[in-house]
J.: 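Here you go, one structure.
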Amino acid sequence: MRRTGWRKTPDLSDRMEWEYSTEPQVLTWTVKAIDKSILGDGLPAMIPGFLMFVGGMYGLFKNDMEISLMFFLPMLLMVFLFVKIGMEKTVFVYRATEERLEICQWQDIPDLVFTFLKVFPFIVVGIILMALISNPALSIAALAGPALVGILLASVGGDSNYKAIYKRFRRDEVIWSEIRKALLDERKGLLALSVDWENKVIDPAEVDLANKEHHLHLYPIYFRKDQEQAVLSLIKEKMAEDTPLMDGSYKYPFSG
């Protein structure tokens, strides 16, 4: 699965405050990419979504549409969260100079998502009250699941720290001379680099590109299909001639 998609993103490099703006730029490009494990980040929405699905199917089996709706509506929200957050893309803005590659990145999550998280719990409460009025025989246990989902979403949507975490802005830089190895994954639209960072956990020269467990120590550079030739030509030119470069499949950390 290509992580960058096909939709073009306007070049945002002229809107960034670059640390090395005095160095003449060689190339700039902007891309949106899913830079995480989709399964790993989607689990928080998938697990309660599955439980809501089971509850909804139980209601259908009992021929009780009210119970089914109380579980299926929160399940739809879990699907929404999975698509909008678990599969949300990160914006990457790259600026290359003769010495280095600067990167600015942030999560591209619309504020509307967090507004929806604040409003939806009230909808859930309304549905629960209507169900109780129309059928007083409903047990508290049957309503506990949707109610807990509503409380959870209210706490998430109203937490400014949670929003800041998901939309965090980050800066990085890669110095060309510090690249030791590179893994090209054209299928995902990225070139993963083994870089000689100051806070390195493992010696970049000892990273085994064929060992997917070592991919945790690689730094991916993303590009769309229409940017691929220019980006790869630049990086291959700037890397040392003896830098190993191999084709392969990049593995994302499961935690995202």
Side-chain angles (χ1 to χ4, degrees), residues 1-5 29 31-50 81-94 96 100-109 165-225 227-228 231-256:
M1 173 184 175
R2 193 174 185 90
R3 295 304 187 95
T4 56
W29 72 97
V31 64
K32 291 183 180 181
I34 303 175
D35 65 325
K36 54 193 172 186
S37 167
I38 296 176
L39 177 61
D41 273 52
L43 279 178
M46 292 171 62
I47 293 176
F50 175 75
L81 289 177
F82 177 77
V83 173
K84 295 304 295 180
I85 295 181
M87 296 188 67
E88 193 61 53
K89 293 181 179 179
T90 299
V91 180
F92 292 91
V93 184
Y94 299 95
R100 74 195 80 241
L101 177 67
E102 282 191 84
I103 306 103
C104 290
Q105 67 180 78
W106 64 91
Q107 287 292 115
D108 186 34
I109 302 178
I165 289 173
Y166 266 90
K167 300 189 72 170
R168 61 190 180 278
F169 183 87
R170 174 180 167 186
R171 293 179 182 273
D172 280 318
E173 68 170 287
V174 174
I175 299 176
W176 302 123
S177 60
E178 294 181 350
I179 299 175
R180 297 293 177 258
K181 295 182 179 182
L183 175 71
L184 175 60
D185 189 339
E186 292 187 65
R187 183 169 168 267
K188 292 187 177 75
L190 63 87
L191 182 68
L193 306 176
S194 177
V195 184
D196 194 2
W197 305 107
E198 291 184 2
N199 57 345
K200 59 191 176 186
V201 178
I202 184 175
D203 188 337
E206 296 180 359
V207 170
D208 182 3
L209 298 177
N211 185 350
K212 293 188 181 297
E213 298 302 321
H214 283 198
H215 291 184
L216 176 66
H217 307 292
L218 300 179
Y219 186 85
I221 303 297
Y222 295 93
F223 46 79
R224 293 193 311 270
K225 192 67 177 178
Q227 302 166 330
E228 182 174 333
V231 172
L232 293 181
S233 297
L234 170 71
I235 297 179
K236 290 177 181 178
E237 176 188 341
K238 298 303 179 183
M239 292 191 307
E241 292 184 3
D242 59 345
T243 302
L245 172 63
M246 67 170 285
D247 295 329
S249 177
Y250 176 75
K251 178 185 177 183
Y252 288 88
F254 182 73
S255 60

J.: Would you call the rings of Y94 and F92 parallel, tilted or perpendicular, taking 30° and 60° as the class edges?
T.: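 Because their plane-to-plane angle is under 30°, the rings of Y94 and F92 count as parallel.
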
J.: Closest heavy-atom contact between Y219 and D172?
T.: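 Closest pair (atom of Y219, atom of D172, distance): OH-OD2, 3.1 Å.
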
J.: Would you say K181's side chain and V207's backbone share a donor-acceptor pair under 3.5 angstrom?
T.: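 Yes.
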
J.: Applying side-chain contact (heavy atoms from CB on, under 4.5 Å) to K238 and L101, what does each step give before you reach the verdict?
T.: CA-CA 10 Å; K238 298 303 179 183; L101 177 67; over 6 Å; no

J.: Please test F223 against L191 for side-chain contact (heavy atoms from CB on, under 4.5 Å), starting from the C-alpha separation and ending with a verdict.
T.: CA-CA 8 Å; F223 46 79; L191 182 68; 4.1 Å; yes

J.: Just one of V91, V93, D35 clears the side chain to side chain contact (heavy atoms under 4.5 Å, CB included) bar with Q105, so which one?
T.: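 Answer to the side chain to side chain contact (heavy atoms under 4.5 Å, CB included) test with Q105 among V91, V93, D35: D35.
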
J.: Please determine whether side-chain contact (heavy atoms from CB on, under 4.5 Å) holds for the pair K89 and Y222, giving the CA-CA distance in whole Å, both sets of side-chain angles, and the decisive distance to 0.1 Å.
T.: CA-CA 12 Å; K89 293 181 179 179; Y222 295 93; over 6 Å; no

J.: Give a yes or no answer on whether the side chain of W29 reaches the backbone of E228 with a donor-acceptor pair at less than 3.5 Å.
T.: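 No; zero donor-acceptor contacts below 3.5 Å.
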
J.: Would you confirm whether K212, through its side chain, and S249, through its main-chain N or O, come within 3.5 Å as a donor-acceptor pair?
T.: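 Yes; judged by distance alone, with no hydrogens or angles, the pair exists.
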
J.: Going from CD1 on I221 to CG on L234, what distance comes out if it is rounded to the nearest 0.5 angstrom?
T.: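 Atom-to-atom, I221:CD1 and L234:CG are 10.5 Å apart.
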
J.: Using atom types as modelled and distance alone, determine if a side-chain donor or acceptor of S194 lies under 3.5 Å from a backbone N or O of R180.
T.: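 No, S194 side chain to R180 backbone: no donor-acceptor pair under 3.5 Å.
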
J.: With rounding to the nearest 0.5 angstrom, report the NZ to CG distance, K251 to N211.
T.: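 Atom-to-atom, K251:NZ and N211:CG are 9.0 Å apart.
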
J.: Does this structure show an ion pair linking E178 with R100, if we count only N-O contacts that are shorter than 4.0 Å?
T.: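 No, this pair does not count.
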
J.: Rounded to the nearest 0.5 Å, what separation is found between the OG1 atom of T243 and the CG atom of L193?
T.: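 So the gap between those two atoms works out to 10.0 Å.
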
J.: Please test M246 against L183 for side-chain contact (heavy atoms from CB on, under 4.5 Å), starting from the C-alpha separation and ending with a verdict.
T.: CA-CA 5 Å; M246 67 170 285; L183 175 71; 3.7 Å; yes

J.: Can you tell me how far the CG atom of D208 sits from the CD atom of E213, to the nearest 0.5 Å?
T.: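 Going from CG on D208 over to CD on E213, the span is 11.0 Å.
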
J.: Out of curiosity, W106 CH2 to R170 CZ, how far, rounded to the nearest 0.5 Å?
T.: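 CZ of R170 is found 14.0 Å from CH2 of W106.
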
J.: For a quick test of reading the model, state the closest non-hydrogen atom pair linking L190 to L184 and the distance between them.
T.: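 In terms of heavy atoms, the two residues are closest at O-CD1, 3.7 Å.
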
